[in-house]
Each structure stands twice: as C-alpha cells, then as structure tokens.
Amino acid sequence: STPTPAILTTAVSDMETAYTNASQRTNTRGYNLRGGNIGGQTLTKGVYTFNTNINIYVDVTFSGGADDVFILQTTGELLQAASTKVILKGNAQAKNIFWQVADK
C-alpha cells in the first residue's frame, strides 16, 4: 500500500517514542564494552552504553531468547564495515535489538 501522510506521521511518532524510551534505559551490561569495538563478540540481553563510537569490523552475535531485548546506546556513531553480519543465535530476534545512536 502507498504510505499516506497520516501513516508516515504515525511511523515517525513511533520511532521518536522508541528512541526516547531506549535513551532512558539504565545500563545493565557495563560501559564502553571493548572500547566500542563489539565485532567478534557475543552479546546477551541487556542495555549496553557507550560514549564512543560503536564499531563492527567483524561479525557480531546477539544470543538470547525470543523475548530478550538488546539496547545499544551511544553518544557517538554506529559504524559497520562492509560484508559484516549481525548474527542472531538461539531465539534472539532482530525486532528486539534497538540501536540508540545520538550522533550521525
């Protein structure tokens, strides 16, 4: 279906709500994991906070259950190298991974 102004307005509002919600979550997994270089890591559910860029130069894995939520907050940028993958392990679901990026 063709997006209408009302549907687009709702989508933008939902995005803003999700961004604000993610930004207000309390850290549960430590600060600046590996200096922001999360490639090669297996992340489990929780809130990860960075005041550095988040760099994915090799594949990163999210491992958890179907209802587990992963939130990555950064005041920097999210940088992912070409040909790298975000891998889901166990029953982790992409819809439960939130990237709250304050920079670009």
Side-chain angles (χ1 to χ4, degrees):
S1 69
T2 304
T4 65
I7 291 172
L8 292 173
T9 298
T10 299
V12 169
S13 178
D14 289 349
M15 177 191 62
E16 290 171 341
T17 298
Y19 182 91
T20 299
N21 182 297
S23 72
Q24 294 172 348
R25 297 290 181 109
T26 302
N27 178 287
T28 63
R29 305 299 296 175
Y31 293 90
N32 294 324
L33 175 69
R34 296 179 47 97
N37 297 308
I38 65 170
Q41 299 301 298
T42 297
L43 305 181
T44 56
K45 69 179 179 179
V47 179
Y48 297 80
T49 304
F50 301 85
N51 63 8
T52 63
N53 292 339
I54 297 175
N55 302 302
I56 305 172
Y57 296 128
V58 296
D59 298 349
V60 61
T61 302
F62 290 87
S63 179
D67 296 323
D68 289 347
V69 174
F70 308 81
I71 298 174
L72 291 89
Q73 308 165 325
T74 182
T75 57
E77 297 180 52
L78 173 60
L79 305 168
Q80 183 173 357
S83 300
T84 59
K85 298 178 186 129
V86 175
I87 299 168
L88 303 177
K89 187 175 176 184
N91 291 314
Q93 297 190 39
K95 69 179 185 178
N96 293 336
I97 303 172
F98 299 90
W99 306 86
Q100 191 265 321
V101 181
D103 202 338
K104 299 177 185 170

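Residue numbers count from 1 along this sequence. This is a predicted model, so every value here is computed, not measured.
Proximity of a side-chain donor or acceptor of Q80 to a complementary backbone N or O of T84 within less than 3.5 Å is detected. The main-chain N or O of G30 is found under 3.5 Å from a side-chain atom of N27 such that the two form a donor-acceptor pair. In this structure, the side chain of D59 does not engage the main chain of I87 through any donor-acceptor pair within 3.5 Å. A donor-acceptor pair under 3.5 Å is formed between the side chain of N53 and the backbone N or O of E77. Remark: the backbone N or O of T42 is not paired with any side-chain donor or acceptor of S63 at under 3.5 angstrom. In this structure a side-chain-to-backbone donor-acceptor pair under 3.5 Å is missing from S13 to T9. N21 places no side-chain N or O within 3.5 Å of a backbone atom of A18 that could act as its donor or acceptor partner.
Across D103 and G76, no two heavy atoms sit closer than the pair CB-O, 2.9 Å.
When the shell of 6.0 Å around CG of D14 is examined, it contains more than 12 heavy atoms from other residues, nucleotides or ligands.
Only one option out of T44, L43, I71 pairs with R29 in a side-chain contact (heavy atoms from CB on, under 4.5 Å); it is T44. With K45 as the partner, the side-chain contact (heavy atoms from CB on, under 4.5 Å) test is satisfied by one option alone out of T28, D67, D68: D68.
N51 contributes atom CG, which lies 5.0 Å from atom OG1 of T75 (distance to the nearest 0.5 angstrom). Rounding to the nearest 0.5 Å places CG of L72 at 13.0 Å from CZ of R25. In this structure, the separation between CG on L78 and CD on Q100 is 11.5 Å, given to the nearest 0.5 Å. T52 OG1 to L33 CG: the interatomic distance, rounded to the nearest 0.5 Å, is 9.5 Å. Taken to the nearest 0.5 Å, the CZ atom of F98 stands 11.0 Å off from the CZ atom of F70. Distance check, rounded to the nearest 0.5 Å: CG of L79 to OH of Y57 gives 5.5 Å.
Residues Y19 and F50 do not share a hydrophobic cluster, clusters being chains of Ile/Leu/Val/Met/Phe/Trp/Tyr side chains in contact below 4.5 Å. Linking Ile, Leu, Val, Met, Phe, Trp and Tyr whenever their side-chain heavy atoms come within less than 4.5 Å leaves V47 and V101 in two separate clusters.
At a cut-off of 3.5 Å, with distance as the only test, a side-chain donor of T49 or Q73 sits close to an acceptor on the other residue.
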- prompt: Going through the checks in order, is the side-chain contact (heavy atoms from CB on, under 4.5 Å) test met by N55 and I38?
  reply: CA-CA 6 Å; N55 302 302; I38 65 170; over 6 Å; no
Full working for side-chain contact (heavy atoms from CB on, under 4.5 Å) between F62 and V60: CA-CA 7 Å; F62 290 87; V60 61; 4.2 Å; yes
Kindly indicate, with the supporting measurements, whether the criterion side-chain contact (heavy atoms from CB on, under 4.5 Å) is fulfilled by T4 and I7.
CA-CA 5 Å; T4 65; I7 291 172; 3.3 Å; yes
